Amino acid sequence: MLVAVLPEGAGGLLRPLADDGTPADPERRVADLVEAVRRIEATDRPRWLWASTADVYPRLVRAGVRIERCYDLELAEALVLGAEGRWGQPRSLASASARLAGLPVPPDPPSRAALPPGEFQESLFELETASGSPAELVDVHAAQRTRVAGLAELPSAHSFPARAGSMRTLIAAESAGALVAAEMGLAGLPWRADVHDALLRELLGAPSPVGGPPARLVELNTRLNVALGRRVHPDSPAELLRAFARVGIVLRSTRRWELQHVDHPAVPILLEYKELYRLWVAHGWSWLEQWVTGGRFRAEYIPGGVVSGRWATRGGGALQIPKVVRKAVVADPGWTLVVADAGQLEPRVLAAVSADRRLARAAAEGDLYAALAAEAFEGDRAKAKLALLGAMYGQTGGDAAPALAALRRFYPTAWDLVEEAARTGETGGLVRTWLGRTCPPPSVTWRDGFDQPGEGVEADTRGGARGRARGRFTRNFVIQGTAAEWALVLLARLRAALSGMRAELVFFQHDEVVVHCPLDEAAEVARAVRAAGDEARRLLFGDTEVRFPLDVSVVERYSDAK
DNA sequence: TGATGAGGCGCC
DNA sequence: AAAGGGCGCCTCATCA
């Protein structure tokens with residue numbers, strides 16, 4: 001059973017539908033949407049059909065209402081458009097409805113995600129009156145079902161064919177992910193501001209009372225001035241290049257890896273400055289003030305925000321929290337953190353999707369690289385890792401060349417899969433993930449101003465640096481995107497397993513998940529994470545012998561994981 | 001003055 | 001150890 005929901009102030013319109021999406025009961029208006037959903041969820045557990053989870057669900061969660069399943073029409077629209085070769089067309093309910101009716105398609109309204117961070121937070125408290133009608137929801141949903149069923153017949157110049165069944169799975173997983181994202185964003189990551197502050201003082205020294213650089217940075221800057229024989233602003237690359245040139249050192253850039261090869265007393269000082277400077281500007285006191293409230297860091301998660309299907313976040317740099325700062329992530333008293341990290345996820349995904357028999361056998365082991373090394377790289381684990389990463393990221397020459405040759409010889413089926421994805425991209429084609437997420441067309445991934453979709457695109461794409469860049473992108477897309485799908489399914493299964501417990505999902509980062517739970521639930525949560533990983537493997541890859549082992553730690557502090 | 005791009009670096 | 005893929009976000013430099 002489905003129930004279509006259209007919010008309207010504090011109330012809304014509800015329309016029950018049969019499983020096939022056809023209306024089952026007349027539409028009705030409720031004055032209190034939260035209470036209506038609470039009641040219907042308790043008795044019927046329907047799949048809720050709405051235009052956008054991000055617009056509707058947060059207010060339900062804040063009122064203490066959680067739902068089990070939903071169908072996010074806009075996320076689904078984006079996936080189906082991509083599979084149909086119409087990537088990037090407007091996806092809102094209004095746009096999809098207009099497209100269906102053959103009317104001019106309005107652009108998507110600016111999404112919440114486009115708001116400045118502060119306003120984004122506030123917007124979550126607004127009562128949204130969505131545009132559109134329940135009839136439009138019902139019609140667009142029905143049309144999506146038909147379009148999904150037709151996907152199997154689409155011409156397939158892609159890594160994986162578009163299959164109706166897997167697209168349904170993908171839409172369900174994407175929708176479940178949106179529920180997790182909303183809940184996790186509201187729950188927040190436990191964050192001890194006092195611990196963070198102590199850490200900053202230890203590394204950076206005392207903060208400046210007027211907002212300038214802290215003591216340690218001032219000191220390092222002074223020492224740098226001395227070492228270079230003149231005053232410099234270390235945050236200005238141009239100035240640094242000039243200063244180094246003046247002491248006889250010509251640099252192409254001031255990147256760390258380039259500086260590291262330079263023998264000059266200023267270099268270690270500058271490297272230390274850069275590291276601490278970054279900590280100060282990106283995760284210093286102002287970050288703490290802006291993003292941590294009530295003992296929680298509340299990130300804004302955007303499911304499907306990355307073209308590969310990975311999540312994005314906005315504000316607070318939630319996916320880039322430096323390891324050193326993770327000391328401030330501390331469980332509440334009497335609670336603990338269960339941290340689960342999928343090791344070697346992407347090479348395992350390659351083994352599973354390619355069904356390369358030898359690679360799959362290696363991926364049945366706990367340490368895939370070691371197994372590979374024993375078989376094909378004379379026991380050299382580092383070389384095995386280099387080869388596999390090089391094949392997935394598109395490295396061609398350099399030190400990796402011999403390793404790549406060995407990989408190609410021993411694992412030809414896996415090799416062919418990534419090579420085929422790369423060739424497809426180089427010649428202007430599209431690739432898909434295992435469940436059917438389609439990569440954007442070349443016109444979207446080229447960001448140079450003069451690239452226009454249409455004439456000349458294919459010719460420009462073939463050969464040349466740009467074509468090779470596109471090939472590296474599509475080569476990686478099929479692996480990274482499929483890994484994101486495995487993680488998404490794990491997340492959805494884990495969320496289901498945790499319902500009814502006090503445990504809460506509080507963080508998710510590509511292949512790693514953190515659950516905050518009472519101490520006495522930790523063992524069960526750890527079991528649930530492993531079970532969710534197994535279910536994700538089975539759902540995606542059936543009876544593959546590839547394993548997706550999870551490193552699970554039960555810790556008080558995030559920094560103590562692993 | 002505000003917008004944009006480049007340089008740089010944190011995470012996976 | 002770096003370099004291949006994906007991001008967000010900070011700064012400076014430049015341009016309208």
Side-chain angles (χ1 to χ4, degrees), chain A residues 113 116-117 213 232-241 251-261 270-271 273-284 286-287 290-291 299-302 304-326 341-347 349-350 382-383 385-401 403-404 418 421-422 425 431 433 437 439-440 445 447-449 465 468-484 487 507-513 558:
Chain A
V232 290
H233 294 101
D235 351 321
S236 167
E239 213 177 296
L240 280 177
L241 291 182
L251 296 166
R252 285 175 44 248
S253 74
T254 61
R255 288 196 180 91
R256 178 163 52 194
W257 62 266
E258 187 160 351
L259 286 169
Q260 274 165 348
H261 302 292
L270 178 56
L271 292 178
Y273 180 95
K274 277 169 171 274
E275 189 182 332
L276 294 178
Y277 176 78
R278 175 148 183 100
L279 175 65
W280 174 56
V281 297
H283 288 92
S286 55
W287 181 92
Q290 184 177 3
W291 295 108
E300 303 155 4
Y301 296 93
I302 304 170
V306 177
V307 295
S308 67
R310 279 183 171 184
W311 289 14
T313 58
R314 277 189 69 253
L319 300 183
Q320 298 111 251
I321 302 170
K323 297 228 156 130
V324 62
V325 176
R326 295 179 185 186
D341 183 312
Q344 308 171 338
L345 178 57
E346 295 193 352
V349 163
L350 173 58
K383 192 175 173 188
K385 181 176 177 177
L386 188 78
L388 213 40
L389 292 179
M392 289 189 299
Y393 289 152
Q395 188 177 16
T396 48
D399 298 349
L404 287 168
V418 290
V431 295
T433 61
R437 190 185 307 267
C439 78
T445 46
R447 290 174 194 169
D448 329 36
R468 286 193 296 277
R470 171 82 184 167
R472 286 194 298 273
F473 167 69
T474 51
R475 174 195 292 267
N476 187 249
F477 181 92
V478 297
I479 304 301
Q480 185 187 111
T482 302
F507 193 59
F508 171 58
Q509 179 173 241
H510 309 316
D511 60 1
E512 182 177 4
V513 60
Y558 190 13

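Since the structure is predicted, the reported quantities are computational estimates derived from the model, not experimental observations. Chain identifiers are assigned alphabetically (A, B, ...) following the order of the sequence lines, protein sequences preceding nucleic acid strands; residue numbering begins at 1 within each chain.
Look at CE on A/Met392: it is 14 Å from P on C/dG6, rounded to the nearest Å. Here B/dG8 presents its C1' atom at 14 Å from CG of A/Leu251, a figure rounded to the nearest Å. Between A/Glu275 atom CD and B/dC11 atom P the separation is 9 Å, expressed in whole Å. In this structure, A/Tyr301 places its OH atom 15 Å from C1' of C/dC7, rounding to the nearest Å. When rounded to the nearest whole Å, the span between CZ of A/Arg256 and C1' of C/dA2 equals 12 Å. Between A/Arg252 atom CZ and B/dG8 atom P the separation is 10 Å, expressed in whole Å. C/dA1 atom C1' lies 14 Å from atom CG of A/Leu389, rounded to whole Å. Whole-Å rounding puts the A/His283 NE2 to B/dG10 C1' distance at 8 Å.
Of the candidates B/dC12, B/dG10, C/dG5, the closest approach to any side-chain atom of A/Gln480 belongs to C/dG5. Closest to the side chain of A/Gln509, out of B/dC11, B/dC9, C/dC7, is B/dC11. The side chain of A/Tyr393 lies closest to C/dG4, out of B/dC12, C/dA2, C/dG4. Nearest nucleotide to the A/Arg472 side chain, out of C/dG5, C/dC7, B/dC11: C/dG5.
In this structure, A/Leu319 and A/Gln509 approach most closely via the heavy-atom pair O-OE1, 2.8 Å. The heavy-atom pair separating A/Glu346 from A/Ile479 by the smallest distance is O-CG2, 3.6 Å. Closest of all the heavy-atom pairs between A/Val307 and A/Arg437 is O-CD, 3.4 Å.
Heavy atoms of A/Glu346 sit nowhere under 4.0 angstrom from any nucleic acid atom. Across all strands shown, A/Ile479 has no heavy atoms under 4.0 Å from either base or sugar-phosphate atoms.
Classified by interplanar angle (parallel below 30°, tilted 30° to 60°, perpendicular above 60°), the ring pair A/Tyr273/A/Tyr277 is parallel.
Applying the 6.0 Å contact sphere to NZ of A/Lys383 captures more than 12 heavy atoms from other residues, nucleotides or ligands.
For B/dC12, its base sits under 3.5 Å from the side chain of A/Arg310 at one donor and acceptor pair at least.
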Mark up nucleotides 9-16 of chain C, 5' to 3', with B wherever a protein heavy atom is under 4.0 angstrom from a base atom, S wherever such an atom reaches only the sugar-phosphate, and - elsewhere.
SSSSS---
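Regarding contacts with the backbone of B/dC11, every side-chain N or O of A/Lys323 stays at 4.0 angstrom or more from both OP1 and OP2. For A/Ser308, no side-chain nitrogen or oxygen approaches OP1 or OP2 of C/dG5 to under 4.0 Å.
A donor-acceptor contact shorter than 3.5 Å is absent between the side chain of A/Thr482 and the backbone of A/Thr433.
Distance check, rounded to the nearest 0.5 Å: NZ of A/Lys385 to CD of A/Gln344 gives 8.0 Å.
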